[in-house]
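Worksheet: the structure to be examined is printed underneath.
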Amino acid sequence: MSRTALIAGVTGIVGNNLAQQLLTNGWQVHGLARRASNTIDGVNFIAADLLDPIALRTAVANIKPSHVFITTWLRQPTEAENIRVNSAMVRNLLEAVAPADSVRHVALVTGLKHYLGPFEAYGKGKLPATPFREEQPRLDIENFYYAQEDEVFAAAERQGFNWSIHRPHTIIGYALGNAMNMGVTLAVYANICRETGRPFLFPGSPTQWNSLTDMTDARLLARHLEWAATTPIAHDHAFNVVNGDVFRWSWMWPRLAAWFGIEPAPFPGQGTPLEQQLADTEDIWRNIAKSHNLIEPNINSLVSAWHTDADLGRPIEVVTDMSKSRKFGFLDYQPTDESFYDLFTRLRHNRIIP
């Protein structure tokens with residue numbers, strides 16, 4: 001049976017890696033983004049705004065996807081606006097593809113804010129015990145992830161497709177201009193430290209420095225998305241998705257420093273956020289880019305300091321259980337330090353970093 005994917009958010013860190021995964025396995029892939037560009041060979045790019053239902057319906061009218069992957073969201077000033085905007089994006093997309101009556105499966109990518117709460121109440125109040133497990137109930141608080149899930153569930157009832165929900169932890173992977181890209185952010189920060197002699201200082205909280213944590217490689221997430229979409233036992237389930245290892249940042253930070261040939265600064269016992277450390281570095285990065293012939297001189301097009309600070313500044317341990325996926329047959333594993341090294345190598349090869 002032929003498989004035709006429609007990936008919403010194809011230019012992002014998840015969508016980009018998913019498109020390449022599916023193309024490798026013979027899928028026909030349509031990629032939806034607000035500003036489409038032919039950056040992935042083999043993808044049929046579609047420029048459309050998920051918040052414009054009429055234009056969206058026209059844009060997808062001639063395709064008949066068997067599988068829809070929703071890998072995008074838009075950050076808003078308040079959680080109420082996050083709910084309104086991001087639930088509408090899911091609803092508009094699923095209504096736009098409904099007339100073709102071709103969709104067999106819809107996959108939605110959310111994340112661990114399902115357990116930790118939205119930005120306005122992040123890591124506060126009564127949280128479920130770690131490691132986080134999929135059967136733990138929703139928090140008693142408004143959350144746009146819940147609203148997105150509910151749109152998928154409602155459309156599945158109307159249209160008769162299967163679904164899967166994917167909850168990665170912090171994602172490591174290749175993408176530029178992404179709102180949540182710790183790997184690229186830390187690579188830029190490390191190079192600024194190396195070029196200027198500034199200390200390579202862990203920006204996060206003592207809890208994150210000392211506690212166990214995990215992360216998600218975008219390539220592993222792509223394989224998990226394809227697996228869940230094509231494996232009957234995985235249909236109509238929510239899944240945590242992480243690499244399978246655990247680590248402490250007190251162990252990881254020196255390893256990242258060593259890759260860049262710099263010494264890690266001693267942890268001072270309190271957080272020093274990257275938004276503060278990188279506040280005066282626009283000209284510094286522009287000069288680094290010029291001297292090393294890099295392709296992006298604008299640091300603001302590369303880093304997402306705010307999101308990296310949110311992840312590394314958590315006051316609680318965050319570690320995730322993958323037993324459900326293992327039980328159902330997904331056994332992939334990815335060492336997180338190697339995820340960073342692979343990303344840094346690609347960034348250097350593509351002249352994003354020196």
side-chain contact (heavy atoms from CB on, under 4.5 Å) between M182 and M215, worked out: CA-CA 10 Å; M182 181 187 289; M215 295 185 75; 3.7 Å; yes
As a quick check of understanding, evaluate side-chain contact (heavy atoms from CB on, under 4.5 Å) for L221 and N17, giving each step before the final call. CA-CA 8 Å; L221 175 55; N17 284 273; over 6 Å; no
Worked check of salt bridge (charged side-chain N to carboxylate O under 4.0 Å, His left out) between D280 and R198: CA-CA 12 Å; D280 63 344; R198 295 185 180 195; 3.2 Å; yes
Applying side-chain contact (heavy atoms from CB on, under 4.5 Å) to M252 and F340, what does each step give before you reach the verdict? CA-CA 10 Å; M252 183 68 76; F340 276 114; 4.2 Å; yes
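Aromatic pair Y146/H114: centroids less than 6.0 angstrom apart. Taking the six-membered ring for Trp and the full ring otherwise, the centers of F239 and W227 sit less than 6.0 Å from each other.
Ion pairing between a basic and an acidic side chain is recognised when a charged N comes within 4.0 Å of a carboxylate O; R138 and E149 show such pairing. By the 4.0 Å N-to-carboxylate-O rule, R255 lies close enough to D337 to be salt-bridged with it. One finds a salt bridge joining R84 and E81 here, because a Lys/Arg side-chain nitrogen approaches an Asp/Glu carboxylate oxygen to under 4.0 Å. Ion pair E134/K324 not flagged as a salt bridge, since none of the NZ, NE, NH1 or NH2 atoms sits closer than 4.0 Å to an Asp/Glu carboxylate oxygen. No salt bridge links D332 with R219; every basic N to acidic carboxylate O contact stays at or beyond 4.0 Å.
Taking the ring axis of F161 as reference, the NZ or CZ atom of R104 does not stay both within 45° of it and closer than 6.0 Å to the ring centre. The side-chain tip of R75 points at the ring of W306 from less than 6.0 angstrom away and within 45° of straight on.
Of all the heavy atoms in A107 and H166, the pair that sits closest is CB-NE2, 3.9 Å. Scanning all heavy atoms of the two residues, the minimum distance from L274 to D309 falls at N-OD1, 2.7 Å. Looking at every heavy atom in both residues, I262 comes nearest to A190 through CD1-O, 3.9 Å.
Taking the six-membered ring where the residue is Trp, W209 and F202 present tilted rings, their angle falling between 30° and 60°.
Of the residues D214, D217, T216, N243, the one that meets the side chain to side chain donor-acceptor pair (under 3.5 Å) test with T336 is N243.
No hydrogens or angles considered: nothing links the side chains of Q148 and W73 as a donor-acceptor pair under 3.5 Å.
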